[in-house]
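The next block holds one structure in the form of structure tokens; read it before the comments.
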Amino acid sequence: MRRFFRKRLPAFLLTLVTVMTMVPAVSARSSADLTCEVEKGESVSFRKRDFRSLYRNEYSNETPQYIVFTDYSDLDDYGYLTAKNYRGKTINLSESDLNNTWFYYDSDNVPESVDYALDDLTFVANRRADSGTLRMEFEIHGERSKDYVSCTMDIKVGGGSGSSKGDITYTVKPGEETSFEVSDFEEYYDSKCDGTFKYVTFSTSTSNYNDFSGYVAYRDEALSRSDLVGSKFYDDDSDYGDYPIKRLTLEAGKSASDDSVEIGFTVYGEKSSGKSYSADGTLVLEVSKTGASSKGDITYTVRAGEEVAFDDDDFEKIYENSSCTGSFKYVEFSRPDSAFNDAGTLYSRYGKRNETAFTRSSLSGNKFYYGDSDYGDYDLDELSFVADKSFSGSVELNFTVYGGTGTRTNQNVTGTLVITTDKTGSSTAKGDVTYTVKAGDEAVFDEDDFEKFYSNKCGGSFKYVEFSRPDSAFNNAGTLYSRYGKRNETAFTRSSLSGTTFGYDSYEDADYSLDDLSFVADKSFSGSVELNFTVYGGTGTRTNQNATGTLVITTGTSAGTSRYVGNIRYNTTPGTALQINANDIARLFRKYTSGEALQYLTLTSVPATGSLYYNYYNTSKYGSAQMPLTASTAGNVVFSYSPASASEYDLSELTYIPSGSNYCTSLGFTGYSSNGTTVSATILISVTASPVSEVYSVTTKGTSVNFPANSVYSAVASATGFGLSSIQLLELPASTAGVLYMGSYAADTTSAYSYGNGTDSMGQLRFIPNSKFTGSVSIPYVALSSSGTALGAGVVSIGVVDSVKKFTDISTSTWCYKYVTELASANVISGYSNGTFQEKNTITYGAALKLIMLAAGYGEQAPTVKGSTFSGYLAKAKADGLVSGNPKLNGPITRLQIAQIAAKALKLSTTGLPSKKPFTDTNDVYVQALNAAGIIEGYFSNGTSTYKPNNTLTRGQVSAIVWRMKNSVQ
């Protein structure tokens with residue numbers, strides 16, 4: 001079709017044509033030619049064929065060319081139009097944009113000007129528009145200027161805040177949050193497409209998101225509209241997107257009003273062939289103060305943290321009172337909305353054999369039978385709901401009851417079950433026995449507390465205690481242990497705790513000693529949790545005297561907050577596998593036990609985010625093939641530092657795979673020596689978009705230095721894309737080095753120090769070194785968002801030197817600046833006569849030999865050969881067995897030679913090393929010893945670690961090795 005009216009008619013001429021040719025046109029009628037309805041804050045699109053039908057009512061079999069609006073004076077009061085230009089870009093159009101604007105029926109005819117395609121013409125209602133009807137008048141024109149039809153459209157704008165019906169709907173109360181569920185998008189994808197769901201994108205039609213009273217957040221940081229529509233949100237693999245769906249939440253401030261917004265989305269997947277599949281849907285986000293109604297066809301009331309049992313007769317009454325015939329058979333529940341996750345858990349046979357917990361997904365699709373097991377999967381009378389400790393308000397479950405005659409179940413009726421909290425709320429934090437604990441710390445039980453309780457209730461002698469199965473809130477509070485941090489340590493799950501006996505004093509028939517019990521609070525624990533218990537006693541061997549009571553564990557008013565712990569710390573980036581270094585754990589064990597050797601360890605926790613594997617690359621000859629380590633399986637595996645047989649598990653084969661970005665997670669373990677000495681510690685793993693740069697400051701001996709707050713902020717922002725709100729210190733400088741102060745008090749590892757100028761801010765921190773101390777100080781930290789969630793971890797290093805010696809080619813941005821600055825001050829290294837250091841130059845054998853010997857504690861060695869600067873060092877090295885043969889002092893030195901000299905100079909032991917060699921390209925014991933000491937590293941790739949022993953080194957690389965040597969002997 002030819003492009004007609006390539007040049008636009010002037011406005012006055014268009015008006016003249018319209019007036020002169022109105023005689024054959026159909027007049028606008030009192031009832032609109034097109035009508036539609038839309039809720040406030042939502043949109044409605046117009047179909048091209050509707051305009052064509054109106055045109056053909058006057059001009060049979062003719063095709064319209066374009067439409068033009070002639071009266072739209074009330075448009076801005078109600079909303080705006082959106083249309084696509086010749087580039088296919090969606091443009092928002094207000095009243096002023098419609099003057100002399102054409103909307104082409106054929107999108108190919110849209111000129112490169114201000115006109116638009118009739119395709120996808122959409123009206124968007126303002127969220128705060130008045131309720132009413134918007135009337136707009138328009139003309140539909142044909143190819144000839146005289147052929148047109150005048151028409152009207154009525155758009156009825158409703159009074160609601162938007163429909164609550166979407167393919168996926170999330171609802172949140174003001175001041176609370178609701179998590180996005182990966183399964184929601186997976187299930188929607190599976191219902192529409194083949195293959196495997198990968199990621200979801202949100203459409204650009206989310207302009208009303210800016211006015212929405214809630215917001216979508218990633219790790220408690222609000223996402224803007226551009227973040228939302230410009231990103232991919234993935235399932236499990238970061239290669240498919242920018243943010244993990246499971247880290248998204250819908251949140252609303254405490255003052256948020258009832259509101260909703262509709263957002264279009266597209267789910268994408270992939271088959272094994274690599275072909276992409278996608279489907280569009282609608283996500284509705286709602287803020288609702290009232291939440292679910294507290295009145296249902298069946299209503300159960302439960303206290304927060306407690307259980308309420310279902311009664312199948314309640315459902316039978318619903319069926320009997322309906323118009324259905326025959327006998328009630330079974331019930332099916334619809335999939336509840338995401339708010340149900342935060343309310344509690346539905347169980348079959350809670351606390352009994354074959355207990356089953358139902359997720360939102362697994363609940364729907366199951367049949368819960370009444371009386372006869374032939375009609376379902378679970379007994380309706382064995383269902384119960386266990387409320388979360390923080391549950392308040394109410395939640396709804398929609399259900400359908402089925403019945404009929406004989407085996408026919410075609411009679412059914414729907415209803416609503418409401419579960420609501422008791423007005424009296426949860427119990428007080430005062431129990432019969434009460435312990436107070438700081439977050440992250442241990443509270444030790446005292447068996448005499450239980451004995452006193454028994455004596456006040458019963459006769460005879462107190463024998464033992466049994467605890468009832470705690471509610472699910474206990475999982476997030478901490479862990480109960482017997483002999484925590486000692487030999488034969490035992491951690492109790494909620495299930496394993498009930499049915500276990502804890503004996504008092506010399507009562508030997510119990511499973512564990514009551515006096516060995518302790519509770520280790522989670523690092524984020526706050527508030528209180530309860531444990532119901534029964535004390536048993538009697539006379540002689542008879543224990544028929546008992547009494548029940550409540551143990552309350554609370555953070556108390558004076559308890560501190562220790563959110564993050566990291567005795568060993570690692571940093572990685574999304575998509576980069578992290579290998580746990582067995583030598584790091586072995587060194588920590590020696591440090592905490594004053595020299596004992598690590599024999600093996602067990603895991604006490606696994607990362608909450610990401611995945612932990614054994615033998616991830618499936619290349620190890622020890623233990624099993626690749627095995628994921630979960631909370632339920634990890635504690636059953638013993639990892640040997642030096643495995644002696646193929647059946648043992650090798651500690652060096654632990655690999656962590658990140659999921660997402662900008663977070664911290666942890667891995668807990670207990671290490672054991674051959675004589676039973678134990679050490680319990682935590683590995684902190686920081687995952688950031690790019691590495692968090694080390695922040696380095698240097699000061700002279702005895703001179704205090706302020707904490708580099710601005711540099712820390714910049715380092716975190718550069719690595720994560722987010723500004724930190726505060727930091728928590730993970731470790732303080734050793735007392736031999738100095739003290740880190742907050743104002744006039746020593747800093748601690750439990751407080752959150754804010755970024756700013758107020759009290760307890762990072763800017764108030766300062767390190768005062770001891771007057772005689774020189775060396776390096778490391779202060780690791782976790783960067784926190786405004787909600788206290790970790791963005792990542794980093795380290796501030798402070799060099800305390802006698803004087804700062806400067807080189808003209810070394811600056812603070814040079815990667816080896818710290819090593820060169822501190823070693824130069826200690827007179828271990830020196831530069832060239834022209835004032836340079838030349839860190840990229842290959843180092844000679846003689847220069848490296850001198851540096852290694854000085855770092856190991858040797859003194860200056862005078863030349864033994866005239867004109868040979870390093871001859872004295874070579875003579876001393878030969879005499880002490882560090883070097884053999886006659887190496888060329890002016891020639892290069894290899895990585896293997898460096899390791900051999902350094903290990904001998906430091907007198908490192910070559911016995912007691914792991915049976916598994918750390919590198920595949922050398923079995924040299926000195927390389928292995930230096931690696932175990934943490935002084936040298938290799939090159940790791942796809943499960944294989946190499947050392948590259950024949951490579952030479954630069955002056956900068958050797959300065960790093962020598963710096964580690966010097967600090968290892970201080």
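- One finds no salt bridge joining Lys966 and Glu822 here, because no Lys/Arg side-chain nitrogen approaches an Asp/Glu carboxylate oxygen to under 4.0 Å.
- Ion pair Glu653/Lys621 not flagged as a salt bridge, since none of the NZ, NE, NH1 or NH2 atoms sits closer than 4.0 Å to an Asp/Glu carboxylate oxygen.
- Defined by atom type and a distance below 3.5 Å, a donor-acceptor pair is missing between the side-chain atoms of Ser513 and Asp515.
- Annotation: ring-ring contact (aromatic ring centres under 6.0 Å, His included) contacts involving residues 565-589, sequence neighbours excluded, are absent.
- Between Tyr663 and Pro658, some side-chain heavy-atom pair lies under the 4.5 Å cut-off.
- Rounding to the nearest 0.5 Å places CD1 of Ile683 at 5.0 Å from CD1 of Ile580.
- Contact between Gln897 and Pro892 at its shortest, heavy atoms only, is OE1-O, 4.3 Å.
- Checked by atom type and distance alone, the side chain of Thr720 pairs as donor or acceptor with a backbone atom of Val716 at under 3.5 Å.
- The main-chain N or O of Pro949 is never found under 3.5 Å from a side-chain atom of Arg895 such that the two would form a donor-acceptor pair.
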Would you list the atom pairs, donor with acceptor, under 3.5 Å between side chains in residues 598-607 and any protein atom, with sequence neighbours excluded?
| unit_1 | atom_1 | unit_2 | atom_2 | d |
| --- | --- | --- | --- | --- |
| Thr604 | OG1 | Gly668 | O | 3.3 |
| Thr604 | OG1 | Phe669 | N | 3.3 |
| Ser605 | OG | Gly668 | N | 2.9 |

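- Taken from CD1 in Ile852 to CD1 in Ile901, the straight-line distance is 5.0 Å, to the nearest 0.5 Å.
- Pairs engaging residues 678-687 under the side-chain hydrogen bond (donor to acceptor under 3.5 Å, both in side chains) rule: Asn571-Ser686, Thr670-Ser680 [sequence neighbours left out].
- Panel note: side chain Gln626, backbone Tyr616; a donor-acceptor pair is recorded below 3.5 Å.
- Below 30°, between 30° and 60°, or above 60°: for Tyr819 and Trp815 the angle between ring planes is above 60°, a perpendicular geometry.
- Annotation: side chain of Tyr234 is not in contact with side chain of Lys198 (no heavy-atom distance under 4.5 Å).
- Among pairs with a residue in residues 899-946, those fulfilling ring-ring contact (aromatic ring centres under 6.0 Å, His included) read Tyr617-Phe940, Phe919-Tyr947, at least two apart in sequence or across chains.
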Is there a side-chain contact (heavy atoms from CB on, under 4.5 Å) between Leu629 and Tyr613 once you walk through the steps? CA-CA 5 Å; Leu629 297 168; Tyr613 287 89; over 6 Å; no

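- Tyr435 contributes a side-chain N or O that, together with a main-chain N or O of Asp446, makes up a donor-acceptor pair within less than 3.5 Å.
- Looking at heavy atoms from C-beta onward, Thr655 lies out of side-chain contact with Leu612 at the 4.5 angstrom threshold.
- With sequence neighbours left out, the side chain to side chain contact (heavy atoms under 4.5 Å, CB included) criterion links Asp511 to Thr500, Thr501.
- The main-chain N or O of Thr677 is found under 3.5 Å from a side-chain atom of Asn675 such that the two form a donor-acceptor pair.
- Side-chain contact between Val695 and Val795: absent, with no pair of heavy atoms (C-beta onward) separated by less than 4.5 Å.
- When the side chain to side chain contact (heavy atoms under 4.5 Å, CB included) test is applied to Pro887, the partners found at least two apart in sequence or on another chain are Tyr845, Leu874, Val883.
- Shown here are the side chain to side chain contact (heavy atoms under 4.5 Å, CB included) partners of Ser645, two or more places apart in sequence or in another chain: Ser647, Glu648.
- Between atom OH of residue Tyr243 and atom CG of residue Asn662 there is a gap of 8.5 Å, rounded to the nearest 0.5 Å.
- A heavy-atom distance below 4.5 Å is found between the side chains of Ile936 and Val927.
- Judged purely by atom type and a 3.5 angstrom limit, Tyr481 has no side-chain atom pairing as donor or acceptor with the backbone of Glu489.
- With sequence neighbours left out, the side chain to side chain donor-acceptor pair (under 3.5 Å) criterion links Ser909 to Thr911.
- Residues passing the side chain to side chain contact (heavy atoms under 4.5 Å, CB included) test with Lys917 are Asn923, Gln928, sequence neighbours excluded.
- Inter-residue side-chain proximity for Leu851 and Val828 is flagged as met; some heavy-atom pair is nearer than 4.5 Å.
- Proximity of Tyr484 to Thr490: side-chain heavy atoms (C-beta onward) are nowhere separated by under 4.5 Å.
- Identified under the salt bridge (Lys or Arg N to Asp or Glu O under 4.0 Å) test for residues 583-605, with sequence neighbours left out: Asp584-Arg587.
- Taking the six-membered ring where the residue is Trp, Phe467 and Phe502 present perpendicular rings, their angle passing 60° and hence far from 30°.
- At least one side-chain heavy atom of Pro470 sits under 4.5 Å from a side-chain heavy atom of Leu497.
- Looking at residues two or more places apart in sequence or on another chain, you find a side chain to side chain donor-acceptor pair (under 3.5 Å) between Asn583 and Tyr641, Asn931.
- Between the side chains of Thr576 and Thr573, a donor-acceptor pair is found at a separation under 3.5 Å.
- Checked by atom type, the side-chain pair Glu447/Tyr464 shows no donor-acceptor distance below 3.5 Å.
- A distance of 9.0 Å separates CD1 of Ile961 from CD1 of Ile935, quoted to the nearest 0.5 Å.
- Side-chain atoms of Thr922 and Asp924 include no donor-acceptor pair closer than 3.5 Å.
- By the side chain to side chain donor-acceptor pair (under 3.5 Å) test, Thr630 pairs with Ser632, Thr633, sequence neighbours left out.
- Leu740 and Pro733 get closest at one heavy-atom pair: CB-CD, 4.1 Å.
- Put simply, the side chain of Tyr614 gets close to the backbone of Asp650: a donor and an acceptor are under 3.5 Å apart.
- To the nearest 0.5 angstrom, Ser482 atom OG is 5.0 Å from Phe492 atom CZ.
- Shortest non-hydrogen contact noted between Leu684 and Cys664 is CD1-CB, 4.1 Å.
- To the nearest 0.5 Å, atoms CG (Leu578) and OH (Tyr656) are separated by 8.5 Å.
- The nearest pair of heavy atoms linking Leu784 to Ala752 is CD1-CB, 4.2 Å.
- Scanning both residues, Ala877 and Leu849, for their nearest heavy atoms gives CB-CD1, 4.0 Å.
- Counting all heavy atoms, side chain and backbone alike, Ala719 lies closest to Pro691 at CB-O, 3.5 Å.
- Under the 3.5 Å distance criterion, the side-chain polar atoms of Asn615 are left unmatched by any main-chain donor or acceptor of Met627.
- No hydrogens or angles considered: a donor-acceptor pair under 3.5 Å links the side chains of Tyr858 and Asp880.
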Determine, step by step, whether Thr944 and Ser941 satisfy the side-chain hydrogen bond (donor to acceptor under 3.5 Å, both in side chains) criterion, reporting the C-alpha distance in whole Å, the side-chain angles of both residues, the deciding distance to 0.1 Å, and the verdict. CA-CA 5 Å; Thr944 300; Ser941 176; over 6 Å; no

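- For the pair Asp921 (side chain) and Lys948 (backbone), a donor-acceptor distance under 3.5 Å is present.
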Kindly indicate, with the supporting measurements, whether the criterion side-chain contact (heavy atoms from CB on, under 4.5 Å) is fulfilled by Lys916 and Ser652. CA-CA 9 Å; Lys916 179 186 175 183; Ser652 66; 3.4 Å; yes

